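Contents: one structure, followed by commentary.
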Amino acid sequence: MKAPSTLRIGMIGAGGVAARHAQTLSGFPDVALVAIADLDVGRSAALAATCGARSYADPERMLDAEKPDAVYICVPPFAHGAPELACTSRGIPFFVEKPLSIELAVAEQIEAAVQKAGLVTATGYHWRYSDTVTEAAEILAEHSARVVIGSWLDKVPPVPWWVRRNRSGGQVVEQLTHVLDLLRVLVGEVETVHAFGSRGPRAEHPDSDIDDVTVATLQMASGALGTLTASSLLRHKHRAGLEIVADGLVLELTETQLTIGRDGSPTTRSPGNDAKVAVDRAFVDAVSGRRDDVRAPYAEALRTHRLGLAIAESAATGRPVSLTADVGSDRARP
Ligand SMILES: NC(=O)c1ccc[n+]([C@@H]2O[C@H](COP(=O)([O-])OP(=O)(O)OC[C@H]3O[C@@H](n4cnc5c(N)ncnc54)[C@H](O)[C@@H]3O)[C@@H](O)[C@H]2O)c1
């Protein structure tokens, strides 16, 4: 039986990442996942059955019937807008998965509504909670990063919307965004990007209209320079991470490892905590008023999203894109 102080959570979207959050939240003694809504009611019913929640086909009906204390929004990139605005108009704090949208205007409208309602928000940039990222930030506080090399070399994820530009936004916006967020946390804001994209015929993905290779060069406000490479041409995940070079120092960060090289014998370690659990715990604690450790609230995630959209725009036009209008960060350090 849950205690009276239990936080009642609703979920919008019942796909892969929703199942992960549902499992994590079900393990928190002070949380009750009360309801799950998905336009595909078979999916919401299936996920709800795993955690004792009620199932809905209509997110707004779920919000009005259940009046949850907080909501998880786990919809694909093209579906953002209505779920968030349904929460802001009812004064309900929300956690939303990355990327924030496909169109910048949608995310900016949501951010304005969040500010007006004064809501607690959090986003799915969970890498920020890894203790290896904290350690890297501490090391970099003593060094000037001069060059960064980011990459995401992977397969096409098994969701049908991913290979359509107007459904996912493409690999940079949808996937590389975790690396872009890490780059901002550890090295600061990007001022200018110049990207190129290319697409070849994909026998396994005949309806794909997204670039399967993107490369970009970056100029950062600190003076550091960078390169990014993203590709979905593989049949497995080969690498997703960031290398950062300073005078006499190289750091290599992935979701599962930190390598520190100062001389000929680099050291490597795995994270000592589970960032995917920590990101949910921090949101629950912030909504409960227990602790404020939300590292990427909506406004902060929007800066990362703008960077991804700028790279996508540059790749589409072949021209450099400047981000000077939005330098600065609410929470640049983990
Ligand atoms: N942070 C992470 O590590 C991480 C991991 C996986 C996925 N994600 C992100 O989560 C998002 C969802 O990914 P997924 O793999 O769960 O996708 P999915 O396709 O498995 O699930 C999405 C679900 O949302 C439902 N849906 C679509 N529009 C809706 C709407 N308006 N209202 C209610 N339900 C709606 C769909 O029916 C589907 O069941 C993506 O943006 C993805 O990038 C983040």
Side-chain angles (χ1 to χ4, degrees), residues 10-25 35-48 50 53 55-63 66 68 71-87 94-103 106-107 110 122-130 133 152 154-182 210 230 232 237 240-241 254-256 271 274-280 282-283 295-296 298 301 304-305 308-309:
M11 197 167 268
I12 300 177
V17 82
R20 191 188 89 203
H21 288 297
Q23 191 181 9
T24 301
L25 293 169
I36 301 174
D38 196 299
L39 302 185
D40 179 342
V41 74
R43 295 193 108 185
S44 52
L47 184 57
T50 68
S55 159
Y56 290 80
D58 179 344
E60 299 219 31
R61 258 204 69 217
M62 184 269 280
L63 297 181
E66 301 283 348
V71 164
Y72 270 68
I73 300 173
C74 300
V75 300
F78 65 86
H80 290 289
E84 290 90 337
L85 296 174
C87 291
F94 65 84
F95 179 113
V96 63
E97 265 304 340
K98 42 59 59 178
L100 300 185
S101 65
I102 290 177
E103 301 291 335
V106 170
I110 294 166
T123 59
Y125 289 104
H126 62 265
W127 290 27
R128 289 179 180 233
Y129 288 86
S130 178
V133 174
W152 198 298
D154 205 341
K155 60 186 182 304
V156 171
V159 280
W161 45 264
W162 203 84
V163 294
R164 301 296 299 177
R165 189 178 295 264
N166 66 359
R167 312 291 276 172
S168 71
Q171 188 181 14
V172 169
V173 170
E174 211 283 335
Q175 207 170 46
L176 186 70
T177 189
H178 280 298
V179 172
L180 303 180
D181 194 58
L182 196 58
I210 60 168
S232 58
K237 187 175 190 174
T254 67
E255 203 177 345
T256 54
D274 186 340
K276 289 176 178 167
V277 173
V279 72
D280 286 341
F283 175 64
R295 300 185 185 181
Y298 199 90
T304 295
H305 190 46
L309 291 171

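Just so you know, these numbers come straight off a predicted model, no measurement behind them. Both counts, for ligands and for their atoms, begin at 1 and track the order of listing.
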* **Partner residues of V279 under the side chain to side chain contact (heavy atoms under 4.5 Å, CB included) criterion, sequence neighbours left out** =>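 V279 satisfies side chain to side chain contact (heavy atoms under 4.5 Å, CB included) with F95, H126, Y129 once adjacent residues are dropped.
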
* **Qualifying residues under side chain to side chain contact (heavy atoms under 4.5 Å, CB included), relative to R164, sequence neighbours excluded** =>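 Result, side chain to side chain contact (heavy atoms under 4.5 Å, CB included) vs R164: N166, R167, D207, D209.
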
* **Minimum side-chain heavy-atom gap W152-E174 below 4.5 Å** => no

* **Side chain to side chain, L63 and V71, heavy atoms closer than 4.5 Å** =>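 A side-chain contact under 4.5 Å exists here.
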
* Asked: Would you find a donor on one side and an acceptor on the other, under 3.5 Å apart, between the side chain of S101 and the backbone of H80?
  -> no

Measure and list all N/O to N/O distances between ligand 1 and the protein that fall under 3.5 angstrom.
residue, atom, partner, partner atom, Å
ligand 1, 1 (N), E97, OE1, 2.9
ligand 1, 1 (N), G124, O, 3.2
ligand 1, 3 (O), R20, NH1, 3.3
ligand 1, 16 (O), G16, N, 3.1
ligand 1, 16 (O), V17, N, 2.9
ligand 1, 19 (O), W161, NE1, 2.8
ligand 1, 20 (O), G16, N, 3.1
ligand 1, 37 (O), D38, OD1, 2.6
ligand 1, 39 (O), D38, OD1, 3.4
ligand 1, 39 (O), D38, OD2, 2.6
ligand 1, 39 (O), R43, NH1, 2.8
ligand 1, 41 (O), K98, O, 2.9
ligand 1, 43 (O), K98, O, 3.2
ligand 1, 43 (O), K98, NZ, 2.8
ligand 1, 43 (O), E174, OE2, 2.2

* To do: List in chain and number order the residues that pass salt bridge (Lys or Arg N to Asp or Glu O under 4.0 Å) with E255, two or more places apart in sequence or in another chain; answer none if no residue qualifies.
  => K276

